[in-house]
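Positions are given from 1 along the sequence.
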Amino acid sequence: MNTVPRLVGITALATGLLQAPANAQSPSPSDTATVSYMVSGLRVIQRRTTASIVVANLYLLGGVRQGTSRTAGVENFLLTVGSRGTQKYPRDVLRRALARTGSEIPVAADEDWTLVSIHTTATEFDSTWSIFADEIMHPTLDSQLVEFVRDQLVSGVRQRADSPDATLDYLSDSIAYAGTPYALSPVGTEASLSRITRAELRAYERDEMVTSRMLLVIIGNVPRAKVEALVDGTLGKLPAGQYAWTMPDTLPTRPADVIFDQRPLPTNYIQGFINGPPANSRDVPALRIAAAVLSGRMFAEIRSRRNLTYAVSANMDDDRALTPIELYVTTTSPDTTVALMSDEVHELQEGEIETERLRPLVQQFITKYFLDNETITAQADFLARNQLYHGDFRAGARFVADLKAVTGADVRRVARTYFKNVRWAYVGDPSRIKLDRLLLF
């Protein structure tokens with residue numbers, strides 16, 4: 001989960017109504033530089049560029065749905081151990097090889113997948129791929145190394161309590177997704193990480209490292225024939241398995257609720273979770289705009305006019321297969337602030353917004369879309385999400401048209417449909433807010 005300050009991106013833009021470049025163009029639906037193909041049962045999406053930097057993202061699909069409360073974090077644990085040493089590349093050899101090439105192979109566990117990446121240059125791609133593939137296929141799983149990594153991971157989980165924002169995100173997921181796999185942490189808990197055995201790591205490697213769980217996205221100046229040969233000679237030798245990606249079930253409608261982490265803090269950290277639709281829903285473009293409008297209004301009223309907060313925002317989280325809307329604020333006056341947030345939500349649900357008044361905000365979204373996709377890492381994620389959420393990596397070409405089609409009536413409709421039954425996480429002093437203020441939001 002993101003723990004950086006929320007005053008970034010479209011929230012700040014929405015309050016200023018900055019004019020976006022008039023010449024911004026949507027990507028062509030016929031993206032001839034990008035192709036999709038199968039190699040030995042593994043789906044590959046490749047975008048050929050002239051850049052010297054190459055990014056190869058391997059998405060191991062399933063995310064938290066792969067585990068249970070007892071095994072939460074097992075995949076991240078396994079891959080982190082693999083990144084410390086393999087059969088072909090012991091720890092010191094692996095470290096020197098990556099340092100020599102200036103390459104990186106990070107591991108990142110998320111709700112819908114675990115990501116193992118290559119960040120390297122075209123000239124070093126072959127040698128870096130060899131290390132990358134061995135980390136996945138042949139981790140050493142030495143008992144001493146397993147315990148070393150376990151200690152590091154447990155320490156990282158414990159440090160979450162040191163940050164109010166990190167605690168807030170963890171609590172928000174736990175109450176928002178209670179009773180579903182999404183309530184699990186992709187990196188695990190202190191209890192689950194302490195229980196996972198070396199034998200269980202080995203069994204997970206044997207049973208779950210299968211090509212049907214893998215989506216490979218490569219962007220850079222690498223010939224397709226080379227990619228096919230590298231995949232066929234390494235990952236393509238893994239078992240196919242029986243995995244089939246599916247979108248997660250939508251969440252049941254549940255009443256408003258709140259979970260508190262009582263701390264003697266001068267500032268209270270508050271985050272509300274609102275159920276959203278699946279990422280492939282027709283309502284998603286209108287929800288993007290509705291969240292941005294609400295974010296701008298709350299910023300203007302609560303921060304700029306009332307000076308009650310440094311950070312307040314409404315954000316639609318489109319990095320997941322389910323798209324929650326998150327209301328976030330830090331404040332020393334939580335009761336007054338949450339009441340004002342509620343007023344702005346009700347105004348969005350009942351007021352009229354002229355469609356033409358949305359145009360500057362829509363154009364800002366389009367501009368931000370192009371800026372966000374300037375890096376090849378972002379492009380790889382965008383292609384993967386479209387492949388998984390929409391069944392076609394080319395679906396992103398409709399992004400601009402879908403945003404431009406949003407009307408004021410659409411914004412009011414989705415606000416009425418989704419902006420209710422908020423489930424809150426609160427880190428700070430609960431005596432500073434009336435409970436009904438949250439439960440009747």
Side-chain angles (χ1 to χ4, degrees), residues 1-3 57-99 103-119 131-163 165-171 173-174 177 181-210 213-214 238 261:
M1 293 291 293
N2 182 24
T3 59
N57 282 359
L58 183 70
Y59 300 84
L60 292 163
L61 307 180
V64 292
R65 287 185 282 170
Q66 286 290 112
T68 65
S69 59
R70 188 198 179 284
T71 62
V74 62
E75 186 163 85
N76 183 64
F77 192 169
L78 170 65
L79 292 167
T80 302
V81 173
S83 71
R84 301 295 198 275
T86 73
Q87 294 178 16
K88 185 177 179 181
Y89 298 94
R91 182 177 181 180
D92 290 340
V93 174
L94 187 154
R95 190 164 47 191
R96 285 196 299 269
L98 292 178
S103 303
E104 296 179 343
I105 307 178
V107 175
D110 217 330
E111 287 79 11
D112 290 311
W113 52 67
T114 302
L115 177 62
V116 189
S117 301
I118 292 176
H119 299 167
I131 301 171
F132 160 82
D134 218 47
E135 287 186 7
I136 294 165
M137 300 176 68
H138 305 296
T140 303
L141 295 184
D142 171 81
S143 57
Q144 187 174 3
L145 186 57
V146 167
E147 294 310 311
F148 174 77
V149 171
R150 187 197 310 276
D151 289 344
Q152 285 191 320
L153 294 176
V154 169
S155 177
V157 168
R158 286 173 179 163
Q159 289 174 15
R160 179 168 53 205
D162 297 337
S163 165
D165 266 324
T167 301
L168 189 71
D169 281 333
Y170 177 73
L171 292 176
D173 273 5
S174 69
Y177 296 110
Y182 277 74
L184 301 176
S185 169
V187 298
T189 64
E190 185 174 347
S192 66
L193 292 170
S194 298
R195 285 193 298 255
I196 294 170
T197 67
R198 178 170 171 264
E200 288 173 319
L201 292 176
R202 183 67 74 187
Y204 191 91
E205 176 206 3
R206 181 190 65 238
D207 298 338
E208 300 298 337
M209 292 296 118
V210 294
R213 283 191 61 220
M214 297 178 179
L238 290 169
D261 184 335

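- To the nearest 0.5 angstrom, I136 atom CD1 is 6.0 Å from M214 atom CE.
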(request) Determine, step by step, whether V74 and E200 satisfy the side chain to side chain contact (heavy atoms under 4.5 Å, CB included) criterion, reporting the C-alpha distance in whole Å, the side-chain angles of both residues, the deciding distance to 0.1 Å, and the verdict. (result) CA-CA 8 Å; V74 62; E200 288 173 319; 5.5 Å; no

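- Among all heavy-atom pairs drawn from S192 and A72, the shortest one is OG-O, 2.8 Å.
- A distance of 6.0 Å separates CG of D173 from CD of E111, quoted to the nearest 0.5 Å.
- When only modelled atom types and interatomic distance are considered, Q66 and E208 share a side-chain donor-acceptor pair under 3.5 Å.
- Atoms CG and CZ, from L193 and R158 in turn, are 10.0 Å apart once rounded to the nearest 0.5 Å.
- Rounding to the nearest 0.5 Å gives a distance of 6.0 Å between CG of L78 and CG of L141.
- Y177 is not listed as a side-chain neighbour of L184, based on a closest heavy-atom distance of 4.5 Å or more.
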(message) Working note: V154 + S194, criterion side chain to side chain contact (heavy atoms under 4.5 Å, CB included); need CA distance, chi angles, decisive distance, verdict.
(response) CA-CA 7 Å; V154 169; S194 298; 4.2 Å; yes

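- Rounding to the nearest 0.5 Å places OG of S185 at 11.0 Å from CG of D169.
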(request) Could you check L79 against L60 for side chain to side chain contact (heavy atoms under 4.5 Å, CB included), going step by step and ending with a plain yes or no? (result) CA-CA 11 Å; L79 292 167; L60 292 163; 3.6 Å; yes

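- Between R150 atom CZ and T80 atom OG1 the span is 12.5 Å, to the nearest 0.5 Å.
- Side chains of T71 and T68: a donor on one and an acceptor on the other come within 3.5 Å.
- Considering every non-hydrogen atom in both D110 and P186, the closest pair reads O-CB, 3.5 Å.
- The aromatic rings of W113 and Y59 sit perpendicular to each other, their planes meeting at more than 60°, with 30° as the lower class boundary.
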(message) What verdict does the side chain to side chain contact (heavy atoms under 4.5 Å, CB included) test give for M209 and E75, after you've listed the backbone C-alpha separation in whole Å, the side-chain angles of each residue and the deciding distance to 0.1 Å?
(response) CA-CA 10 Å; M209 292 296 118; E75 186 163 85; 3.8 Å; yes

